[in-house]
Q: 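Provided herewith is a single structure, encoded as structure tokens, for subsequent inquiry.
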Amino acid sequence: MSGIDLFLAAIGLYAICGVVFALVFVWAGVVRMDPAVGDSPRMVRVLFVPGIAGLWPVMLVKWIRASGGEQS
Amino acid sequence: MTNQYRLVQWNHHKKVYDLLLAGAIVVYLVAFIGVSAILHTGDNAISVLIVLIRAFGTGAIVLLHVVLAIGPLARLSPRFSPLLYNRRHLGVTTFLLGLIHATLVLVFYGGSGGENPVSAVLGANSDFTSVTNFPYTLLGFVALLILFLMAATSHDFWLANLGARFWKWLHMLVYVAYALLVMHVVLGVLQSEKSLLYPILLGAGAITLGGLHVVAGLKEAAKTRAGLDARGEWVDVCAVDELEEKRGKVVCLKSQERVAIFKYDGKLSAISNVCKHQGGPLGEGQIIDGCVTCPWHGYQYLPENGQSPPPYTEKIPTYEVRVEGDRVLLNPKANEPGTPVEPVRDPKASES
Ligand code: FES
């Protein structure tokens with residue numbers, strides 16, 4: 001496997017994890033993190049999917065923090 | 001302005017702006033294709049796909065120059081502020097043009113054999129130490145990833161949830177994308193084009209952008225140096241007549257804070273110049289429906305208390321003003337965000 005193939009495989013894996021996470025997150029987590037999303041038209045969430053897929057580690061941390069904050 | 005998100009924050013002005021943008025892009029693409037058809041005939045002829053690749057690629061770079069020029073232009077003259085109004089749509093459009101360019105490249109150069117087209121295109125050149133065999137497609141690919149991240153996080157949701165600092169940092173990556181694209185074009189053209197037109201135009205664009213940023217930076221620094229002294233005393237700002245009805249005047253204090261003073265309905269009020277949304281210059285906005293309206297994306301604040309009208313909850317600092325003779329004086333000590341301050345009467349308005 002060449003360097004480029006490894007690079008692309010890493011990006012592909014990151015993107016797949018991101019898309020799966022994003023779909024779960026806009027369905028189950030985003031309102032907990034930002035209640036304003038709950039009051040907004042549902043279609044708006046579709047617009048957030050690419051960004052969540054791209055920044056999924058950041059959003060995962062925010063989701064965990066938001067869940068922790070709600071329990072305490 | 002944050003209690004609900006909308007798919008696209010369109011209003012009449014933004015729709016006009018977007019229509020103009022779409023029209024300009026169509027004109028550019030048609031002109032590029034037309035000129036290429038005239039220049040590349042006979043032995044010189046090139047494939048339609050290559051023309052389209054160039055048309056969309058150059059379109060993306062031209063638009064990126066416009067995006068990067070708007071900030072310093074607006075700082076140099078408020079006449080350019082309306083361009084800031086919808087800059088994020090320009091950014092998203094830049095990404096889409098780049099994406100079409102990259103897709104066409106994959107179709108044209110990555111289509112043969114069983115190989116993955118992306119790896120065929122990115123792996124075509126692989127010598128990082130050579131100018132003529134440098135993997136310049138990789139530079140374009142990384143720039144496209146950055147433009148994607150910026151386009152995907154341009155909605156207000158992202159500013160609210162990533163926090164202004166991280167969001168700004170993320171969007172400053174546009175300069176990295178620009179540098180990568182300059183190298184992508186220069187190294188790519190060096191490998192395939194004989195004409196020097198592209199590097200020359202690109203050089204002119206880079207020098208113009210660099211010059212605009214330097215001049216705007218120097219102007220800001222000079223404004224701050226010349227800032228009014230603010231050591232706990234009231235400061236003399238200007239004559240009442242210098243203020244225009246329903247318009248702001250930006251005052252720069254020695255502390256580097258900027259204050260926007262507004263004259264409206266026979267009254268004067270002062271609030272912070274910095275919009276809660278993305279730091280837009282409120283003093284360059286206008287009073288619309290009784291609210292100071294940010295020139296960037298239209299957030300609104302009541303001039304007498306710095307609060308966004310209900311149901312919105314943004315608050316910015318307020319300042320006290322008074323009028324002595326025909327002079328406007330300002331107390332440089334900022335009040336807590338959202339503190340109501342009784343507006344002062346404009347003596348000229350009471351006379352008339
Ligand atoms: S900066 Fe966006 S509305 Fe003011």
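Within every chain, numbering begins at 1; the chains are lettered A, B, ... in the order of the sequence lines, protein sequences first and strands thereafter. Computed from a predicted model, the values in this text were never measured in an experiment.
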Q: Less than 4.5 Å apart, any side-chain heavy atom of Phe157(B) and any of Val44(A)?
A: no
Q: Select, from Val30(A), Val46(A), Ile4(A), the one with the greatest count of heavy-atom pairs under 4.5 Å involving chain B.
A: Ile4(A)
Q: Using a 4.5 angstrom heavy-atom cutoff, name the option from Leu55(A), Ile11(A), Val49(A) with the most pairs to chain B.
A: Leu55(A)
Q: Just by distance, no angles: are the side chains of Tyr5(B) and Asp34(A) close enough, under 3.5 Å, to form a donor-acceptor pair?
A: yes
Q: Anything in residues 137-149 of chain B with a heavy-atom distance to chain A below 4.5 Å? Please list those residues in order.
A: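 Interface residues of residues 137-149 of chain B: Leu138(B), Phe141(B), Leu145(B), Phe148(B), Leu149(B).
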Q: Is the shortest side-chain heavy-atom distance between Trp158(B) and Ile52(A) below 4.5 Å?
A: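 Yes. Closest side-chain heavy atoms under 4.5 Å.
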Q: Could you state the interatomic distance from CG (Asn161(B)) to NZ (Lys62(A)), rounded to the nearest 0.5 Å?
A: 7.0 Å
Q: Out of Leu122(B), Leu170(B), Asn116(B), which one racks up the most heavy-atom pairs below 4.5 Å with chain A?
A: Leu122(B)
Q: Check this for me: Asp289(B), atom CG, are more than 12 non-hydrogen atoms of other residues, nucleotides or ligands nearer than 6.0 Å?
A: no
Q: So, for Thr153(B) and Gly51(A), which heavy atoms are closest and what is the spacing to 0.1 Å?
A: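 Here Thr153(B) and Gly51(A) meet closest at CG2-CA, 4.4 Å.
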Q: Please report the interatomic distance OG(Ser154(B)) to CG(Leu47(A)), rounded to the nearest 0.5 Å.
A: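 Output value for this atom pair is 7.5 Å.
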Q: Taking Ala151(B), Pro135(B), Ala152(B) one by one, which has the highest count of heavy-atom pairs under 4.5 Å against chain A?
A: Ala152(B)
